[in-house]
Amino acid sequence: MARRRFRRSRSQPLDRLAVMIMAGLSLALGLLILSGDHATARVRDFTWQDRRVGAEDQAFLLTFSRPMDVASVEQNLALDPPLPGKVSWAGRRMAYTLTEPLPYGKSFSVSLKGARDRYATTASSSSRFEPFQSQFETRPRAFLYIGAEGDEANRLVLADLGSQERTILTPKNLSVMAFKPYPLGDKVLFSASDPSQSGSLLNQQIYTVTTGLTPRPPIDFAAPRPPLWQQLWPQKKAAPSGETTLVLDNSTYQNLKFDLSADGQTIVVQRVNQQNPADFGPWIVRQGAAPQPIETEPGGDFLIAPDSQSLLLLQGQGTAIIDLGSEKTRGSSQPLDFLPNYGRVLDLSADGSAAAMVNFNQDDPEKRFTESLFLVTNQGREEELLQVSGAIVDAQFDPTRPVLYVLASELVKAPPDPDTLQTEDAYAEQPLLLAITLDNGETSPLLRLPQQQRIHMSVAPDGRSLLVDLAGQSTPEGETGAPVIWHLPLVHPAVPLDAAASAEGVDTIPGAAVAKTESSDASAAAAASTMPTVTDPEEFPFSGFQATWLP
């Protein structure tokens, strides 16, 4: 009798396990039944669903539950507002690559109805596709500037053109000197000093401040997927605007110029030892690590390359390319490359394949007292784009088109001034805003600017407008007025979509253009490279300087 009770007690765990397995299978079967007909084709995943995308996002993916009839999808896919693009397939996944840059500050809807899977042989089978509807939006049309008047004076301000609102980001005790927005626009890196503490504007420290914007970038399938627990964990709310964090103090070293990498993970700062001025040079600051000096020869101006792994640093009579990716070694590291004769790097293209650099023409007697703008590529090409009798102030690549915008000046005869002892052959610098098409080197003047020393320019991330801020005009009493910020809309003529489609074999669908031949790429490039023009400048009713678009 005792042995029978023992056997019954051993069988109870097995019985419970069997009941649990049956219950689990029943639950799975019920969920399978409730989820509907699995023979019905549907869109399983959309990479831009409810996301906020930017200029660097050039394609979205649609993943289907079943192999699809390609023609039915391409004919029925609709985007509102329309976004021209081309389609490519890889199994059940469809990629839609844009052929025109995304306009900022817009909301879009994506719909697909009436598509069929690959095994539906008749039109009546199209009812077995579950209609798809989704939406996404682009980042807001917003820019940053350092205020010049009232409560905004010397403080970092965010101006949102969509909501027509301005937000002061930095505290009143900090005087902002320079800033760089982070790639997603949720934070800003800036340098500032506290006059009440240091008594000098030169004793600046490096901070970050939140903008209050929620990034919501698209899903990156190339990146490793986070753990399941992290995917199920509630999303962290966006930080409100104005949360300031100290990144680098000035207790031992004075902080000068700085730059932020394209991925937002690396900061390079030019620093000088306050006790030993001979100890100066660039330092690297990475998240979660202590600041370290870059072991290289001292230099001047610098820029971090778009790959976030190299630094272009002015050294001696040229520009050195310094590796930022390798571990620190003893002694001074050798540059990866050296570009002689270029005394300044103005900008780098988004893919890092080209740089806009300045040659001061010191070695050419015929070009003495002039400056030349060169396009230098990673293939060894060096092309002179522009030569001016004045100065090349700035140059910026259009993020979306092969166009370079240039601020330069030419020497012109100065108007007579009875209040000064001015000679008859006196000259003044006339600032000009120019556009250079990189495909053919054609230069076009866009705008003649007022004669003054301080001018700053910023190209919008969608390539549709420019910001230019100018020093205030002098009054009859000799006082300087508040700085002015201009908004310059750009017009890019393009080949009509229908004409390009008929000429290059492109099928048009509602809100899209599906490329059937590779020649359409050349047509799109030719249309995109058409010389832009500037419409009437819009002057903002507030004052500031260093106006810079958010990415």
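Sequence positions, counted from 1, serve as the residue numbers for this chain.
Looking at His487 and Arg141, their side chains come closer than 4.5 Å, going by heavy atoms from C-beta outward. Between Pro431 and Val393 the shortest side-chain heavy-atom distance does not fall below 4.5 Å. Taking the side chain as every heavy atom from C-beta outward, Ile294 and Leu324 approach each other to under 4.5 Å. Contact check for Leu449 versus Trp486: side-chain heavy atoms found under the 4.5 Å cut-off. Using a 4.5 Å cut-off on side-chain heavy atoms (C-beta onward), Leu466 and Leu433 make contact. For the pair Ile284 and Thr266, the minimum side-chain heavy-atom distance is below 4.5 Å. Residues Pro181 and Leu550 have side chains in contact (heavy-atom distance under 4.5 Å, counting atoms from C-beta outward). Annotation: side chain of Arg139 is in contact with side chain of Leu184 (closest heavy-atom distance under 4.5 Å).
Rounding to the nearest 0.5 Å gives a distance of 4.0 Å between CD1 of Ile146 and CD of Gln546. Rounding to the nearest 0.5 Å gives a distance of 6.0 Å between CD1 of Ile455 and CG of Leu407. Atom OG1 in Thr548 sits 7.5 Å away from atom CG in Leu467 (nearest 0.5 Å). Atom CG in Leu404 sits 6.0 Å away from atom CG in Leu373 (nearest 0.5 Å). The distance from the CG atom of Asn255 to the CD1 atom of Ile206 is 5.0 Å, given to the nearest 0.5 Å. With rounding to the nearest 0.5 angstrom, the CD1 atom of Ile267 is 10.0 Å from the CG atom of Asp259.
Within a 6.0 Å sphere centred on CG of Asp151, other residues, nucleotides and ligands contribute 12 heavy atoms or fewer.
Taking the centre and axis of the six-membered ring of Phe302, the NZ or CZ atom of Lys257 falls inside the cone set by 45° and 6.0 Å.
Looking at every heavy atom in both residues, Phe280 comes nearest to Pro277 through CD2-O, 3.6 Å. Nearest heavy atom pair, residue Pro483 against residue Gly544, reads CB-O, 3.3 Å. Summarising the geometry of Pro532 relative to Ala435, their closest heavy-atom pair is CG-CB, 4.2 Å, with the distance given to 0.1 Å. Closest non-hydrogen pair, Leu348 versus Ala305, comes out as CD1-CA, 3.6 Å. The minimum heavy-atom distance linking Arg155 with Leu174 is given by the pair CG-O, 4.4 Å. Between Asp347 and Ala395 the shortest heavy-atom distance is CB-O, 3.1 Å.
The aromatic rings of Phe136 and Phe108 lie parallel to each other, their planes meeting at an angle below 30°, with 60° marking the opposite boundary. Using bins of under 30°, 30° to 60° and over 60° for the plane-to-plane angle, the ring pair Phe60/Tyr96 lands in the parallel bin.
A donor-acceptor contact shorter than 3.5 Å links the side chain of Thr210 to the backbone of Pro240. A donor-acceptor contact shorter than 3.5 Å is absent between the side chain of Glu149 and the backbone of Ser543. Checked by atom type and distance alone, the side chain of Gln270 pairs as donor or acceptor with a backbone atom of Gly300 at under 3.5 Å. Formation of a donor-acceptor pair under 3.5 Å by the Arg52 side chain with backbone atoms of Thr214 is found in this model. The main-chain N or O of Ala159 is never found under 3.5 Å from a side-chain atom of Arg166 such that the two would form a donor-acceptor pair. Using a distance-only test at 3.5 Å, with no hydrogens or angles considered, a donor-acceptor pair links the side chain of Thr138 to the main chain of Pro103. Looking only at distances, a side-chain donor or acceptor of Thr211 sits under 3.5 Å from a matching main-chain atom of Gly185. Checked by atom type and distance alone, the side chain of Ser465 never pairs as donor or acceptor with a backbone atom of Leu490 at under 3.5 Å. A distance-only check finds a donor-acceptor pair linking the side chain of Arg464 to the backbone of Pro101 [under 3.5 Å]. For the pair Asp337 (side chain) and Ile321 (backbone), a donor-acceptor distance under 3.5 Å is absent.
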Exercise. How far apart are the C-alpha atoms of Asn359 and Lys367, what are their side-chain angles, what is the distance that settles it, and do they pass the side-chain contact (heavy atoms from CB on, under 4.5 Å) test?
Worked result: CA-CA 10 Å; Asn359 188 329; Lys367 295 183 179 180; over 6 Å; no
For this session: Tell me, with the steps shown, if Tyr207 and Val209 meet side-chain contact (heavy atoms from CB on, under 4.5 Å).
Result: CA-CA 7 Å; Tyr207 303 84; Val209 64; over 6 Å; no
For this session: Just do the side-chain contact (heavy atoms from CB on, under 4.5 Å) check on Phe143 and Leu161 with the steps written out, would you?
Result: CA-CA 8 Å; Phe143 65 91; Leu161 300 185; 3.8 Å; yes
For this session: Decide side-chain contact (heavy atoms from CB on, under 4.5 Å) for Met357 and Glu382; before the verdict, give the C-alpha distance in whole Å, the side-chain angles of both, and the deciding distance to 0.1 Å.
Result: CA-CA 10 Å; Met357 310 183 77; Glu382 299 182 19; over 6 Å; no
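For the residue pair Gln451/Gln430, the side-chain donor-acceptor check at 3.5 Å is satisfied. Counting only N and O atoms by type, the side chains of Glu384 and Ser372 include a donor and acceptor under 3.5 Å apart. Side-chain contact, Asp194 with Asn173: a donor N or O sits under 3.5 Å from an acceptor N or O. Checking Asp263 against Ser261 by side-chain atom types alone, a donor-acceptor pair falls below 3.5 Å.
The pair Arg454-Asp469 counts as a salt bridge, with a side-chain nitrogen and a carboxylate oxygen less than 4.0 angstrom apart. By the 4.0 Å N-to-carboxylate-O rule, Arg448 lies too far from Glu410 to be salt-bridged with it.
Ring centroid separation for the pair Tyr145 and Phe540 does not come in under the 6.0 Å cut-off. Remark: aromatic rings of Tyr104 and Trp549 are distant, center separation not under 6.0 Å.
The one candidate from Leu144, Leu158, Leu260 that meets the side-chain contact (heavy atoms from CB on, under 4.5 Å) condition with Val188 is Leu144.
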